[in-house]
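Lettering follows sequence order; numbering is per chain, from 1.
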2 protein chains.
Amino acid sequence: MNAEKIRKFNRFYTRVLGLMNQYTDKSKFTLLETQLLYEINRNKGCSANDLINFFQLDKGYLSRVLKKLESQNAVIRHYSSEDKRKIKLYLTNDGKKELDDLIALSNCYVLSMVDQIPEEEQLKLIKAMEQIELILTEFVDQKRNK
Amino acid sequence: MNAEKIRKFNRFYTRVLGLMNQYTDKSKFTLLETQLLYEINRNKGCSANDLINFFQLDKGYLSRVLKKLESQNAVIRHYSSEDKRKIKLYLTNDGKKELDDLIALSNCYVLSMVDQIPEEEQLKLIKAMEQIELILTEFVDQKRNK
DNA sequence: CGCTTCGGTTGACAAAAGCAACAATTTACA
DNA sequence: TGTAAATTGTTGCTTTTGTCAACCGAAGCG
């Protein structure tokens, strides 16, 4: 049955992620913080609410994490002029630099796992990943927005 | 660069997993507990240490989680006769039943995400997943054992 | 206007996870 | 053999992470 096979992959890839995410052990940022920095940089000027929807977080919790990131000088908030309730989030220059370091470190961990694989196998791997993204993307977005 | 593409997939699939794992919200077991039940059933008579290595858990933490699972009558421990430090872990009949329910529920969530996809696309999806497992399996095992 | 919704903050609390000290075995090896 | 070192697991304590509900000010809307 297909569901079984997908769950098998899920169990497998959960452990792959565990290994590849170990880079955060070396960092002063947690995995969540890293993901937030990444997303804030990708979606410049996004609101806390955007992040809540994207990552499915509790708003109280996120509020605190953002406060911490701000106190660490990685993120800055500007109140939106159109809607004074909303906050627009940006990385500071420091934050951008931190993120670049994190990305480099993350790449490093990923490569340590992958660069022993022959070139052609790596290509197959990437193709397979892109295939999965292609097929599942619409459902992720769909589920997220409700 | 390949690492970037893999990290993109990782970010993507992290969110897929978040959605597909929501089944645990409906359960009296947490995600970790579910994974433990699954692994104890798969690897009957395994020790706490086996689980620590497999899931990379703190041993103190695992000890408590197992105690809880035992108090819930899902897991039973037998002291190993060869090595009196070691404990052999098994599911109880209740635990096996709970696990079966969890698996059914999990399948349900996975299907809810996947069954809108045309049959042939589903097949491509599974093929891609199997491809990834094939390519990465040895590295997961390798990393885990050290 | 007054009511409701929305975006975000705060306090209090619960759950999850990590750390270090410890006990009981087992293993290694002098 | 005996004893130090390593292994397996437990416990107390702390920190981190996450949840819940009450709340505030702003915006939408009849």
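- How far CG of N2(B) is from CG of L125(A): 8.0 Å, rounded to the nearest 0.5 Å.
- Once rounded to the nearest 0.5 Å, the distance linking NE2 of H78(B) with CG of L89(B) reads 9.5 Å.
- The stretch residues 21-46 of chain A has no heavy atom under 4.0 angstrom from DNA chain C at all.
- Listed by chain and number, the residues in a side chain to side chain contact (heavy atoms under 4.5 Å, CB included) with N73(B) are T92(B), D94(B) (sequence neighbours excluded).
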Would you mind writing out the side-chain donor-acceptor pairs for residues 22-29 of chain A within the sub-3.5 Å range, not counting sequence neighbours?
from, atom 1, to, atom 2, distance (Å)
T24(A), OG1, N21(A), O, 2.9
S27(A), OG, F29(A), N, 2.8
K28(A), NZ, E98(A), OE2, 3.1

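- With the end axes of the helix from dC1(C)-dG30(D) to dA30(C)-dT1(D) each set by five pairs, the angle from one to the other reads 20° at 10° resolution.
- Each of S81(A) and R64(A) was matched to the nucleotide of DNA chain D holding its nearest heavy atom; the match closer to the 5' end belongs to R64(A).
- Following rounding to the nearest Å, Y61(B) (OH) and dC19(C) (P) show an atom-to-atom distance of 14 Å.
- Panel note: side chain Q131(B), backbone K124(A); no donor-acceptor pair is recorded below 3.5 Å.
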(request) Summarise how protein sits on nucleotides 1-7 of chain C as a single string, 5' to 3': B when a protein heavy atom is under 4.0 Å from the base, S for sugar-phosphate-only contact, - for no contact. (result) -----BS

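- In the hydrophobic clustering of ILVMFWY residues, with side-chain heavy atoms under 4.5 Å counting as a link, Y61(A) and L36(A) come out together.
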Going by atom type alone, with no hydrogens or angles, which donor-acceptor pairs under 3.5 Å involve a side-chain atom of residues 5-13 of chain B and a protein atom two or more places apart or on another chain?
from, atom 1, to, atom 2, distance (Å)
R7(B), NE, S106(A), OG, 3.1
R7(B), NH1, N107(A), OD1, 3.1
R7(B), NH1, E4(B), OE1, 3.3
K8(B), NZ, E133(A), OE1, 3.1
N10(B), OD1, Y13(A), OH, 2.5
R11(B), NH1, Y38(A), OH, 3.3
R11(B), NH2, Y38(A), OH, 2.8
Y13(B), OH, N10(A), OD1, 2.5

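- Side chains of S80(A) and D83(A): no donor on one and acceptor on the other come within 3.5 Å.
- Between I40(A) and L51(A) there is a side-chain heavy-atom pair separated by less than 4.5 Å.
- A heavy-atom distance below 4.0 Å to DNA chain C is reached by these residues of residues 67-80 of chain A, ordered by number: K67(A), R77(A).
- Cluster note: I76(B) groups with Y90(B) through ILVMFWY side-chain heavy atoms spaced under 4.5 Å, whether in direct contact or through intervening members.
- Legend: residues meeting side-chain hydrogen bond (donor to acceptor under 3.5 Å, both in side chains) with K96(A), ordered by chain and number and at least two apart, are D100(A).
- Taking K127(B) as the reference, nothing meets the side chain to side chain contact (heavy atoms under 4.5 Å, CB included) condition, with sequence neighbours excluded.
- Applying the side chain to side chain contact (heavy atoms under 4.5 Å, CB included) test to K84(B) and every residue at least two apart in sequence or in another chain returns nothing.
- Between the CZ atom in R64(B) and the CG atom in L69(B) there is a gap of 14.0 Å [rounded to 0.5 Å].
- In this structure, R15(A) is positioned above the aromatic face of F54(B), its NZ or CZ under 6.0 Å from the six-membered ring centre and within 45° of the axis.
- Where DNA chain D meets chain B (any atom under 4.0 Å from a heavy atom), the bounding nucleotides read 5' to 3' are dT7(D) to dC13(D).
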